[in-house]
Asker: 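Sharing a structure here in structure tokens format.
Just so it is clear: chains get the letters A, B, ... in the order the sequence lines come, proteins before strands, and each one is counted from 1.
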Amino acid sequence: MTLAIHVEHLSKTFKRYQPRRYRTLKESLINGEMFERRLSEQVEAVRDVSFSVETGETFGIIGRNGAGKSTLLKLLCGILKPTSGRIAVNGRVAALLSLGVGFHEQMSGRDNVFLNGLVLGLAPREIRARFDDIVTFAELEDFIDAPVWTYSTGMRMRLAFSVAVNVDPDILIIDEVLAVGDVAFTEKCLARMREFQTRGKTLLLVTHDIATMTAWCRRALWLDHGQVRAIGTPSDVAQAYLNELAGASSAAAINAVA
Amino acid sequence: MQHLKDMSRMRLTIFRDHGWLLYSLVLRDLRGRYKGSFLGFFWTFLNPLLLMLTYTVVFGYFLQVNAPAYPAFILSGLLPWMWFSTALLQGSTSILEGASYVGKTIFPTPVLPLVPVLAGMVNYLLSLPLLLILLLFFKLPVGWGLLCFPVLLIIQTLLLCGLTMALSALSVTFRDTQHLLGHIVTILFFMMPIMYPLTAIPERARWIVEHNPLVGLFYGYQQIFYYGEVPHPQRLLWLFVFAVAVFYGGQVTFNRQSESFAEHI
């Protein structure tokens, strides 16, 4: 089996600076703190994570808010640079990240589709060939020449999803964006994702919904405080995850009573 | 299986890997420049024309600067200067303005500072007919020096790319850059023999100006268009080496900072 994604001992540390009290040049000069080093605090968003995803596999990443899932995805897309560790990727990656979709607000939907296609490495000719499919799938025929700032959240997501699946990536990374669309569109996306799976493409799903994970993934990973807590079949990972959640909530309940 | 490339790093292969993206961003910049304006493309000529008229009245007529055919003189230096200053000012904010992509999606950040440089070059080339008309009108000698034009173009492009890479990266962490830059550009313009000839500077002070490599560049443009001279090959070579050094320096500065763009924006 060939690997689509291989991650070895990946870590990402953010430096968080203590906010300085004196913000302007004048104040800092008066207080003589111009060159004083600010105290910094290290935040380890991702800590020594290793896993690999086989080509054609659907892999799930689960974890609570702030567990480091989004940071891990950004590392996988090459948006952030790892502090240490290694990532290797086989094939073209397209991503649907929940934080902003990377549209240029002033540009029309049409121009954004072209720009996104070019960024993902398509030639203009290839984009033109897929353009109608992208617009039809997103159901934005009447709005494609309007600037993106006039779009609703749902319209943006539809366009982003449509671009991501229609540029025919080898690896598709989806960060819980499917909650945004209405039922009909979500159905359509899911159908497209199934088709994507059957064509032997690699899918990386990030979610905190266990049902989604068990329904879709062949293997999964549970990320907690930036570290891998469990990796294996979705049911095993879900079990471990639920046990922890149950433990936490019963602990909270005991605290509340006491 | 390849090692994941860091998208935010500036490499020379960017022109191969993201050529289409760069091309379409440049085209967009050019189209957007005068979009929605009534005169549209004609602003490419009107902007320098209005400046030229103003300078001609002030320096050619009021102050009687010693440069015959003053409109041709000013334009030969002013057109590349407009490219230079606009690219520098736009380029320095390019990454901050790209906040909708940088750190949010897969996007090769290093193309951003290059776009205003290349768009400015196209705009400059499009405005050249204006200068050529003036050269013919004033019957100025057009010599072999014109063959050096592509060399000057390459030197200026390298220089600008290096500067915009460095400045765009610096302005992410040090936001005062843009404010400082506005003044630096103005000071440079007054300190360089663009609106007055080199001979207008007192002999004693001339060496300061002559050692400014930028002066060499703009004087080169004046030489080939206005004076009808061939620039000294040794001077061109030294300028080229300087431009390559600036480009390399800009690339290094950019790559040192680029890791943290996603975290700062």
Asker: Below 6.0 angstrom between ring centroids: does that apply to B/F189 and B/F218?
Answerer: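 No - the distance between ring centres of B/F189 and B/F218 does not fall below the 6.0 Å cut-off.
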Asker: Between A/P124, A/A123, A/C77, who has the most heavy-atom pairs with chain B when the cutoff is under 4.5 Å?
Answerer: A/P124
Asker: How about A/F103 and A/Y151: are their ring centroids closer than 6.0 Å?
Answerer: no
Asker: What part of B/R28 gets within 4.5 angstrom of chain A, counting heavy atoms only: side chain, backbone, both, or neither?
Answerer: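 The answer is the side chain of B/R28.
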Asker: Using ring centroids (six-membered ring only for Trp), state whether B/F254 and B/F261 fall under 6.0 Å.
Answerer: yes
Asker: Is chain B contacted by the side chain of A/L115, its backbone, both, or neither, given a heavy-atom distance below 4.5 Å?
Answerer: both
Asker: Name the member of B/I106, B/T109, B/V111 that forms the most heavy-atom pairs with chain A at distances under 4.5 Å.
Answerer: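 It is B/I106.
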Asker: Verify whether one side chain among B/Y124 and B/Q156 offers a donor that lies under 3.5 Å from an acceptor in the other.
Answerer: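 B/Q156 and B/Y124 do not have a side-chain donor-acceptor pair below 3.5 Å.
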